Amino acid sequence: MRQVNQVKLGAEFIDKQAHREMHDRCLWAARMRRDKVAASIPEWEEMRELASQIKRTTVRDSR
């Protein structure tokens, strides 16, 4: 059985222009969906700040 070099194959895949373009399209689409939902929720920023506080507390307390 032939061994597969996943690191090498992964690096070759990531280095391709088509991969970068696909990644950019997917990332842009995700940000657009997020912005659309955020605009529909009046308390979005407040919820975002609360989530950040919860995360900080959780990380601090897990040490």
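In this text the structure is predicted, and so the values were computed from the model without any measurement.
Listed by first then second residue, pairs satisfying ring pair (Phe, Tyr, Trp, His ring centres under 6.0 Å) with a partner in residues 12-40 read Phe13-His19, not counting sequence neighbours. Residue pairs meeting the side-chain hydrogen bond (donor to acceptor under 3.5 Å, both in side chains) criterion with at least one partner in residues 29-41, sequence neighbours excluded, are absent.
Between Leu27 atom CG and Arg25 atom CZ the span is 12.0 Å, to the nearest 0.5 Å.
Two residues are said to be in side-chain contact when any heavy atoms from C-beta on lie closer than 4.5 Å; Glu49 and Gln53 meet this criterion.
Applying the side-chain contact (heavy atoms from CB on, under 4.5 Å) test to Ile41 and every residue at least two apart in sequence or in another chain returns Val37, Glu43, Trp44, Met47.
By the 6.0 Å contact criterion, CD on Gln17 is enclosed, its count of non-hydrogen atoms from other residues, nucleotides or ligands being greater than 12.
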